[in-house]
**Student:** 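Supplied in structure tokens, the structure appears directly below.
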Amino acid sequence: MEETDYRESYEKEHLKCADLAGRIADLEARNEELEWKLNRIKNNPLWKAGRPARDVLHWMIRQRDRLKNCGGLRGVLRKLAYKKREREARGQFGTESFPSPEQAASERETVFPRMVKISILLPLWNNERQYQEEVLDSVMNQTYANWELCLADGSDEAHSYIGEICKEYAARSDGRILYKHLEKNGGIAGNTNACLQMATGEYIGLLDQDDLLHPSVLYEYVKAINEQNADYLYCDETTFKGDDINRMLTMHFKPDYAPDNLRANNYICHFSVFSRELLDGQELFRTKYDGSQDHDMILRLTDNAKKIVHVPRLMYYWRSHSGSVAAGIEAKPYAIEAAKGAVAEHLRKHGYEHFKIESTRAFETIFRIRYNIIGTPKISIVIANKDHEPDLRRCVSSILEKSTYDNYEIVIVENNSSTEEIRSYYSSLLGQDWQEDSAVRDGGPAKSADGRIAIVVYRGEFNYSAVNNLGVEYATGEYVLLLNNDTEVITVNWMEELLMYAQRADVGAVGAKLYYGDKTIQHAGVVIGLGAHGTAGHTHYRQHRQNLGYMGRLCYAQDVTAVTGACLLVKKSLYLSAGGLDESFAVSLNDVDFCLKLRGMGLLNVFTPFAELFHYESVSRGLDDTGERARRYNLESERFRKKWQKELEAGDPYYNPNFSLDRSDYSLKVSE
């Protein structure tokens, strides 16, 4: 019997591979033909002469796409309101945030148990005079004094004034500024490595020649080193235009350390300071990753770090001008391939193979990573249901008709249905007459002939946690996928997109991107402390499907504190180890509570925007805003706040404390 099954499976896979090989050959032939036609067009004199008109057209297309990404006029109005709030908050983060003379004096007089020496590396090459003086001033003005500035200058003779300026500052730096003119320019990587050879500090900091530091940044970092034993530190940052840091273009308020975010997007970027021990004999910057040498370095050093600390203050000012990466990655197109190479090497180091790294619509260096799925483990899709035959039919039909992953079962947990329509639908799913008494709680599920559909009965008052726990009890898969009956599959490979993360040893729960029927976002990750009840809320709520999200967050998989139980994939073993859903949370917050338990086990929870479903939320049971439901929700919220008080007080690690908890759109807090 086993031999027959093996041969059947082999033949099935052999035919599938042959079919795919044929499709690949057809696509390659088609691609070759299209490439030939494209080259013929590009070499046409008329095409070359029409470039000015095309530039205008492309500008118009970009504006159209920006409007589309906002979701139309309503989205544009929301964006304008967001920008207005941002402008109101912006003043807090520029020169207004600099320490007063009294505060600066206090910081200078502070004596920490560890007065670590920080060597700031500043590679130089043909910098503008003004930028050079300003960056040196921003270091000289630090309120923490135990630093040294290492300058390696690869400038040409036409920019000899760089050396003169540096020597002038060195003369009045009490020996803290070290300057060396290089025989030849070694690029960012080579010049920075030359700086490192001069450094004598316990910690290393990285600074770009046209950027500026907040006067208190070293003070805050040394404070974190002493209080948290940090060996890698970074802060929030902004790009600014011209000569005034208050003319901010884009403020980036970052999450705490998030490995999946970092693989997809170098969100850490500036201002990195780290223990010299993390280098462990390695090069700081590697020339083969020029253009993305910082992403490569951050991936390597955070792997080695024992305590990565994010200081949630805007303390690095990144000047945007022609030719800088801050002005646009197109200024350095080679950086895109360098970034992909750095991420690929990092993934191989962690044992991943056969992955694919692609640029996303958000930005060329914001990546979608497709991991290879190991084997074909069985997924048990658990769906709680009471009546609502049309909703359940739509949900199940979309799974059966659209899913490309085929090793799954659907476990429907029936709870007090009363309509003839749902009984009839159950019978059609099973291929036999279905009676509730044939599938009571202890009697096991009723199954279809092929075993793909199972129905088990939960008798008693509705309790979402208990209902799903029962479904998981009878699930036969290695993975459990909790799914609401009011969902509908959009992306055909939705299970694969969830599974590629859930299969990892460091991941707990994985959640999908869910939309309302009007294609606005219902779920894109959960933040604790967000919302009126101070418990948990969904980010990017009601944003349009095409929206890129805050700093492109709707375009890449990332670590989050929690995901919704409306579509949640987890290993069954982890589900059981975590104790399943807490049945004291009968309807709400059970999913967030479950995810927090997984985090307590040292696991990551991941949201991926590449598994998409509709979620016609509250169609089945209504809203929790009136009467008994509101009272019950308030009680569960109170229980949640008490149970997770410590975590709520600490704040969501993936949601910057500078963001308002009253809104879901990453709006900044505005000081009164």
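We use all heavy atoms of the structure for the numbers below, so side chains are in, but hydrogens, waters and symmetry mates are not. As the structure is a prediction and not an experimental result, all values here were calculated from the model. Residue numbers start at 1 and run along the sequence shown.
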**Student:** Main chain of Gln546, side chain of Arg361: is a donor-acceptor contact present, judged purely on distance under 3.5 Å?
**Tutor:** yes
**Student:** Just how far is it from atom CG of Asn493 to atom OG1 of Thr404, taken to the nearest 0.5 Å?
**Tutor:**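 Nearest 0.5 Å value for the CG-OG1 distance: 5.0 Å.
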**Student:** Are side-chain heavy atoms of Val526 and Cys595 found at a separation under 4.5 Å?
**Tutor:**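 Side chain of Val526 against side chain of Cys595, heavy atoms only: no contact under 4.5 Å found.
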**Student:** Give me the atom names and distance for the closest heavy-atom approach of Leu661 to Leu530.
**Tutor:** O-CD1, 3.4 Å
**Student:** Side chains of Asp486 and His615: does their closest heavy-atom pair fall under 4.5 Å?
**Tutor:**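 Heavy-atom side-chain distance check passes, below 4.5 Å.
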**Student:** Quick one: closest heavy-atom pair of Ala230 and Val309, and the distance?
**Tutor:** CB-CG2, 3.4 Å
**Student:** Looking at Cys235, is its backbone amide N or carbonyl O close enough to the side chain of Lys254 to form a donor-acceptor pair, meaning the two atoms are under 3.5 Å apart?
**Tutor:** yes
**Student:** Quick check: does any side chain N or O of Asn415 sit under 3.5 Å from a backbone N or O of Tyr458, one acting as donor and the other as acceptor?
**Tutor:**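 Between the backbone of Tyr458 and the side chain of Asn415 there is a qualifying donor-acceptor contact (under 3.5 Å).
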**Student:** Using side-chain contact (heavy atoms from CB on, under 4.5 Å), reason through Asp303 and His350 one step at a time and then give a plain yes or no.
**Tutor:** CA-CA 10 Å; Asp303 272 350; His350 284 266; 2.9 Å; yes
**Student:** Checking side-chain contact (heavy atoms from CB on, under 4.5 Å) against Ser465, which of Asp591, Asp593, Leu581, Asp582 comes through?
**Tutor:** Leu581
**Student:** Is Val311 close to Tyr221 at the side-chain level, that is, under 4.5 Å between some pair of heavy atoms?
**Tutor:**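 Yes, their side chains come closer than 4.5 Å.
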**Student:** How far apart are the C-alpha atoms of Met601 and Ser577, what are their side-chain angles, what is the distance that settles it, and do they pass the side-chain contact (heavy atoms from CB on, under 4.5 Å) test?
**Tutor:** CA-CA 9 Å; Met601 295 165 62; Ser577 296; 3.9 Å; yes
**Student:** Any chance you could lay out the side-chain contact (heavy atoms from CB on, under 4.5 Å) test for Leu314 and Ser97, step after step, and finish with the verdict?
**Tutor:** CA-CA 9 Å; Leu314 198 155; Ser97 70; over 6 Å; no
**Student:** Under 4.5 Å between any side-chain heavy atoms of Leu262 and Leu299, yes or no?
**Tutor:** yes
**Student:** Given 3.5 Å as the limit, does a donor-acceptor pair link the side chain of Thr360 with the main chain of Arg368, or not?
**Tutor:**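 No.
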**Student:** Might you work through the ring-ring contact (aromatic ring centres under 6.0 Å, His included) test for Tyr575 and Phe594, ending with a clear yes or no?
**Tutor:** CA-CA 9 Å; Tyr575 189 95; Phe594 176 70; 5.2 Å; yes
**Student:** What heavy-atom pair brings Ala524 and Thr539 nearest, and what distance separates the two atoms?
**Tutor:**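 What the structure gives for the nearest pair is O-OG1, 3.4 Å.
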**Student:** Taking the side chain as every heavy atom from C-beta outward, state whether Met251 and Glu86 have any pair of such atoms under 4.5 Å apart.
**Tutor:** yes
**Student:** Parallel, tilted or perpendicular: which one describes the rings of Phe640 and Trp644, with boundaries at 30° and 60°?
**Tutor:**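 If you compare the ring of Phe640 with that of Trp644, the planes turn out tilted.
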**Student:** May I have the step-by-step check of ring-ring contact (aromatic ring centres under 6.0 Å, His included) for Tyr556 and Phe367, ending in yes or no?
**Tutor:** CA-CA 6 Å; Tyr556 63 91; Phe367 300 132; 9.9 Å; no
**Student:** Is it true that Arg599 and Glu647 have a side-chain N and a carboxylate O under 4.0 angstrom from each other?
**Tutor:** no
**Student:** Are the side chain of Lys356 and the backbone N or O of Arg370 linked by a donor-acceptor pair below 3.5 Å?
**Tutor:** no
**Student:** Does a side-chain N-to-carboxylate-O contact under 4.0 Å join Lys519 and Glu612?
**Tutor:** no
**Student:** Considering non-hydrogen atoms only, spot the tightest contact between Thr487 and Ala566 and give its length.
**Tutor:** CG2-O, 4.0 Å
**Student:** Flag the pair Phe355 / Arg263 as yes when at least one side-chain heavy-atom distance between them is below 4.5 Å, and no otherwise.
**Tutor:**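 A side-chain contact is absent here, since even the closest heavy-atom pair is not under 4.5 Å.
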**Student:** Taking atom types as modelled, find out whether Tyr316 and Asp211 have a side-chain donor-acceptor pair closer than 3.5 angstrom.
**Tutor:**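 Per modelled atom types, Tyr316 and Asp211 side chains form a pair under 3.5 Å.
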**Student:** I'd like to know if the side chain of Asp518 pairs up with that of His544 as donor and acceptor (distance under 3.5 Å, no hydrogens or angles considered).
**Tutor:**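 Judged by distance alone, the side chains do not pair up.
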**Student:** Has the side chain of Arg247 got a donor or acceptor atom that lies under 3.5 Å from a matching backbone atom of Gly242?
**Tutor:**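 No: the side chain of Arg247 does not pair with the backbone of Gly242.
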**Student:** Would you find a donor on one side and an acceptor on the other, under 3.5 Å apart, between the side chain of His252 and the backbone of Glu237?
**Tutor:**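 Checking the backbone N and O of Glu237 against the side chain of His252, no donor-acceptor pair under 3.5 Å is found.
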**Student:** Would Arg542 pass as a cation-pi partner of Tyr516, given that its NZ or CZ must be under 6.0 Å from the six-membered ring centre and within 45 degrees of the axis?
**Tutor:** yes
**Student:** Taking the six-membered ring for Trp and the single ring otherwise, decide whether the centroids of His214 and Phe271 are under 6.0 Å apart.
**Tutor:** no
**Student:** Given Tyr616 and Arg394, is the side-chain contact (heavy atoms from CB on, under 4.5 Å) satisfied, shown in steps?
**Tutor:** CA-CA 11 Å; Tyr616 308 99; Arg394 178 182 58 208; 3.0 Å; yes
**Student:** Could you tell me whether Lys241 atom NZ has more than 12 heavy atoms of other residues or ligands within 6.0 Å of it?
**Tutor:**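 Check fails, neighbour count at 12 or below.
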**Student:** Counting distance only, does the side-chain N/O of Thr608 pair as donor-acceptor with the main-chain N or O of Leu498 below 3.5 Å?
**Tutor:**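 Checked: no pair found.
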**Student:** Taking the side chain as everything from C-beta on, heavy atoms only, tell me whether Tyr654 gets closer than 4.5 Å to Asp559.
**Tutor:**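 Sidechains of Asp559 and Tyr654: in contact.
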**Student:** Which class fits the ring pair Tyr655 and Tyr666: parallel under 30°, tilted 30 to 60°, perpendicular over 60°?
**Tutor:**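 The arrangement is tilted - the two ring planes meet at 30° to 60°.
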**Student:** Take atom CD of Glu638 as the centre, draw a 6.0 Å sphere, and report whether it contains more than 12 heavy atoms from other residues, nucleotides or ligands.
**Tutor:** no
**Student:** Does the Asn605 side chain pair with the main chain of Ala562, one donor and one acceptor, at a distance under 3.5 Å?
**Tutor:**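 Side chain of Asn605 to backbone of Ala562, a donor-acceptor pair under 3.5 Å: no, none is there.
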**Student:** When the aromatic ring centroids of Phe253 and Phe93 are compared, is their separation below 6.0 Å?
**Tutor:**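 Ring centres of Phe93 and Phe253 closer than 6.0 Å.
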**Student:** Verify the neighbour count for atom CD of Glu358: are there more than 12 heavy atoms of other residues, nucleotides or ligands below 6.0 Å?
**Tutor:**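 Yes - once you tally the heavy atoms of other residues, nucleotides and ligands closer than 6.0 Å, there are more than 12.
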**Student:** I need the minimum non-hydrogen distance between Cys269 and Asp294, along with the two atoms involved.
**Tutor:**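 Heavy atoms only, the tightest pair is SG-OD2, 4.2 Å.
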**Student:** Between Tyr232 and Tyr257, is the gap from one ring center to the other below 6.0 Å?
**Tutor:**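 No, they do not, as the ring centres are separated by 6.0 Å or more.
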**Student:** Which atoms form the tightest heavy-atom contact between Leu668 and Ala89, and what is the distance?
**Tutor:**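 Minimum heavy-atom separation between Leu668 and Ala89: CB-CB, 3.8 Å.
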**Student:** Measure the acute angle between the ring planes of Tyr633 and His533, then classify it against the limits of 30° and 60° as parallel, tilted or perpendicular.
**Tutor:**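 Answer is perpendicular, since the angle exceeds 60°.
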**Student:** So does Glu636 get a backbone contact from the side chain of Asn634, meaning a donor-acceptor N/O pair under 3.5 Å?
**Tutor:**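 Looks like no, no N/O pair under 3.5 Å.
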**Student:** Any idea how Tyr234 and His310 line up, ring-wise: parallel (<30°), tilted (30 to 60°), or perpendicular (>60°)?
**Tutor:** parallel
